[in-house]
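Since this is a predicted model, take the numbers as computed values, not measurements. Note that ligands are numbered from 1 as they come in the structure, with each ligand's atoms numbered from 1 the same way. Worth knowing before you read on, the calculation uses all heavy atoms, side chains too, and leaves out hydrogens, waters and symmetry mates.
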Amino acid sequence: MRITLSCIKADVGGFVGHGEVHPELLGRAHELLGKSDALVDFHVTRVGDDINLIMTHREGVDSPRIHGLAWDTFKQVTEVAKRLKQYGAGQDLLVDAFSGNVRGLGPGVCEMEFEERPSEPVIVFMADKTEPGAWNLPLYKVFADPFNTPGLVIDNKMHKGFDFVVHDLKGNTQIRMSCPEELYDLLMYIGAPHAYVIKEIYSRELGEICASATTTKLSLIAGRYVGKDDPSLLVRCQSGLPAVGEALEPFAWPHFVGGWMRGSHCGPLMPCALEQARPSRLDGPPRVVALGFQLAEGKLVGPRDMFADPAWDKAREMANEMAYTMRRHGPFEPHRLSLDEMEYTTMPQIMERLAARWQPIPEPGQPARELVGAGRGHARGDGRTLDVD
Ligand code: 13P
Ligand code: 13P
Ligand code: MG
Ligand code: MG
């Protein structure tokens, strides 16, 4: 019988600031999912300040029943967040009314429907202080790079390669690319992770889905900055798919991702155990955790906290080194994100405030217009306040 694995996530209030989720919020989410008869099984967890509802069920992907359950859960957990005055309570619930699917409403969603194999190992990756494009590089390595994944060379069932479905977030279009043939075309797009993100991956030999990622961009929904779109990712492993160790391996070499402080900085993605997924240095650096489960008739046997292993200490050390290198730049690029990415933060408001004061640079011989600085009292703020910063 087919099973659907869904992970629906949202930040509905941070403890303290944007660092973690208060245990009462997790407890409430657990209680609410426990009352539902729509689920085969569930696991409630968090990374940093993001709650992840990991669920198995028989309703298929995009099910209004499952999406409605997650939406109601986040709504009710927000009430707890408000009572405890958690930071940014309800941050990711951008719309009041639920209309059958959480896509476009704020929460992130990744799901896959498949026939459960005799053994079905899955890994749920969850990140905080970054964005969906953060998975592009590791997914490329897992499913297309033999230097990461020996199975691409030594497992006959992996030789046909994998199909990648890529979303153009700004253009709202998608494309399917077949690798290894289209590796270079694929890299041209996914090398720009703030614009193009991998949504799904399919095994060409098995004809099956094997990875699914969240792609929500909150700023594109809200039209303003409301926190980063901390992403989640599901990966099925073994038997013609990457081994568990191959799926984890890219994180041994931390890479730079967009996010961190105020969603506006580049920093290393640090793999860590759940216990350590409470970012505090300049609200970061960005974190990734990996929970492993074996599915058994839809039951989530687990989790195993995959990065709770001293073998990842070196990666954490490297990520700390990389964080220091970036921090040295303070408000300068490449630590601060580039201008086109800053468009999706609070920068447009600053630009709007100063727009009238930018004067053309005079041509040679032309008199310069008087430039008026803020000292004369011309440049006052517009008084608007931000919901979340
Ligand atoms: P075992 O021999 O421990 O089962 O491991 C097999 C394997 O494929 C590890 O990646
Ligand atoms: P989150 O996106 O995790 O809420 O973080 C927002 C932020 O401003 C961190 O400094
Ligand atoms: Mg937050
Ligand atoms: Mg977060």
Heteroatom of D50 nearest to the Mg ion (ligand 4) (N, O or S, atom name)
OD2

Which of the atoms of ligand 2 are close to K129, meaning less than 4.0 Å from one of its heavy atoms?
1 (P), 3 (O), 5 (O), 9 (C)

Would you check, one step at a time, whether the test salt bridge (Lys or Arg N to Asp or Glu O under 4.0 Å) holds for E24 with R83?
CA-CA 11 Å; E24 265 196 57; R83 178 166 54 76; 3.1 Å; yes

Can you tell me the N, O or S atom of H18 that's nearest the Mg ion (ligand 3)?
ND1

Are the side chain of W71 and the backbone of L93 linked by a donor-acceptor contact shorter than 3.5 Å?
no

Within the distance-only criterion (no hydrogens, no angle test), does the side chain of E111 pair as donor or acceptor with the backbone N or O of D62 below 3.5 angstrom?
yes

Quick check: does D49 put an N/O/S atom under 2.8 Å from the Mg ion (ligand 3)?
yes

Out of the N/O/S atoms in D128, what is the name of the one closest to the Mg ion (ligand 4)?
OD1

Enumerate the atoms of ligand 2 whose separation from the nearest heavy atom of D49 is less than 4.0 angstrom.
1 (P), 3 (O), 4 (O)

Mark up the atoms of ligand 2 that fall under 4.0 Å of a heavy atom belonging to M261, in ascending order.
10 (O)

Measuring from the Mg ion (ligand 4), name the closest N, O or S atom belonging to D230.
OD2

Please check if the side chain of H329 supplies one atom and the backbone of T325 the other of a donor-acceptor pair under 3.5 Å.
yes

Face-on cation placement of R176 at Y202 ring, 6.0 Å and 45° thresholds
yes

For the Mg ion (ligand 3), what is the closest N, O or S atom on D11?
OD2

Kindly say whether L218 contributes a backbone atom to a donor-acceptor pair with the side chain of T216 at under 3.5 angstrom?
no

Taking the six-membered ring for Trp and the full ring for Phe, Tyr or His, determine whether the centres of F15 and Y87 are under 6.0 Å apart.
no

